[in-house]
Amino acid sequence: MATYLLKTEPSDYCFADLQKAGTCRWDGVSNAAALIAMRSMRKGDEVLVYHTGDEKAVVGLAKVTSDPFEDPEQPGKTAKGEPKFAVVTLAPVAAAKSRVTLAAIKADPRFKEFPLVTQGRLSVMAVGKTLDRLLRKMAGLPG
DNA sequence: GCCAACGTTGGC
DNA sequence: GCCAACGTTGGC
C-alpha cells in the first residue's frame, strides 16, 4: 500500500470539507506529472492532505476508495488506454493532531529531496515509506 | 520540432 | 503584492 501527498487550496476544497462530506471525488488535476501520480494510485492507498495558501501544512490523512477513473467532466484516454484526466474518490481517515508545516519540512534535511520542497508547483506526489512514516509521526497520524 | 511569450502557481 | 519557477501555447 502506497501513500501520496495531495495539495489543495483550502479556500477551494479543504480537509474539513472532506470530513464533512465523508467522501469526495478528487478532480481538477491537469498537470502531467501530477496525473502520472494520480494514475498510479490504487484503492486502499492513503493520502496526506496538504493545504497551500496561508496554511502551508499537512492537515490530515485520507483513504483512496477507488482505483483511478476518467473524470466524467473531461473523459478521454491516454495512448496507453489509461484515463487522461484521472480522478479517485477519497474518504477521510483522521485530522492531524499536529499540523506539519512546510517550514518544518524544509527545516528537516531528511526532506531535502521531497518533491514538496524541490518542485513547489507539483500538486500530487508519491511519498516514500521513510518519509511517510516520518510525516505521520510528526503529524500525530495513525500509521 | 524548437523556442519565445505568456499564464499560473505558490512561497515570501 | 511581488517574484521565481515552470508548464503550456503558438508562431515559425
Side-chain angles (χ1 to χ4, degrees), chain A residues 2-42 45-143:
Chain A
T3 299
Y4 294 83
L5 184 139
L6 288 178
K7 269 191 199 173
T8 180
E9 174 64 52
S11 62
D12 182 31
Y13 191 87
C14 69
F15 188 70
D17 292 331
L18 175 60
Q19 287 184 302
K20 197 175 167 189
T23 182
C24 78
R25 188 172 70 214
W26 201 269
D27 56 16
V29 176
S30 59
N31 172 275
L35 282 169
I36 289 169
M38 290 295 292
R39 292 183 199 115
S40 69
M41 292 183 182
R42 291 297 174 264
D45 287 347
E46 291 184 318
V47 296
L48 294 156
V49 179
Y50 173 88
H51 281 179
T52 57
D54 291 342
E55 300 184 35
K56 295 190 286 292
V58 175
V59 298
L61 183 69
K63 190 173 267 293
V64 178
T65 53
S66 75
D67 281 349
F69 59 96
E70 277 181 34
D71 185 344
E73 324 240 321
Q74 304 182 85
K77 304 268 193 196
T78 65
K80 286 183 193 165
E82 295 176 303
K84 186 159 189 272
F85 293 100
V87 301
V88 296
T89 57
L90 298 179
V93 174
K97 289 193 183 73
S98 150
R99 295 182 160 198
V100 183
T101 64
L102 181 63
I105 289 169
K106 282 189 166 173
D108 189 322
R110 287 172 290 188
F111 288 103
K112 72 173 190 296
E113 289 176 24
F114 192 43
L116 189 69
V117 176
T118 60
Q119 283 176 259
R121 296 179 56 186
L122 185 61
S123 61
V124 186
M125 68 201 77
V127 183
K129 214 166 216 172
T130 306
L131 295 185
D132 179 23
R133 270 199 282 265
L134 188 54
L135 278 170
R136 289 183 199 225
K137 196 174 170 189
M138 291 163 80
L141 284 164

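In what follows, every chain begins at residue 1, and chains take the letters A, B, ... in the order their sequences are listed.
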Hey, can you pull the donor-acceptor pairs under 3.5 Å for the side chains in residues 68-81 of chain A, sequence neighbours left out?
residue, atom, partner, partner atom, Å
Glu70(A), OE1, Gly76(A), N, 3.2
Glu70(A), OE2, Lys77(A), NZ, 3.2
Asp71(A), OD1, Glu73(A), N, 2.9
Thr78(A), OG1, Lys80(A), N, 3.2
Thr78(A), OG1, Gly81(A), N, 3.4
Thr78(A), OG1, Glu82(A), N, 3.1
Thr78(A), OG1, Glu82(A), O, 3.4

With [X] via side-chain contact (heavy atoms from CB on, under 4.5 Å) - residues at least two apart:
X	result
Lys106(A)	Leu102(A), Val117(A)
Thr65(A)	Thr89(A), Ala91(A)
Ala33(A)	Asn31(A), Leu122(A)

Go along nucleotides 5-12 of chain B 5' to 3' and tag each nucleotide: B for a protein heavy atom under 4.0 Å from its base, S when only backbone or sugar atoms are that close, - otherwise. --BBBSSS

Could you work out, with salt bridge (charged side-chain N to carboxylate O under 4.0 Å, His left out) as the rule, every residue matching Asp27(A), not counting sequence neighbours? Arg25(A)

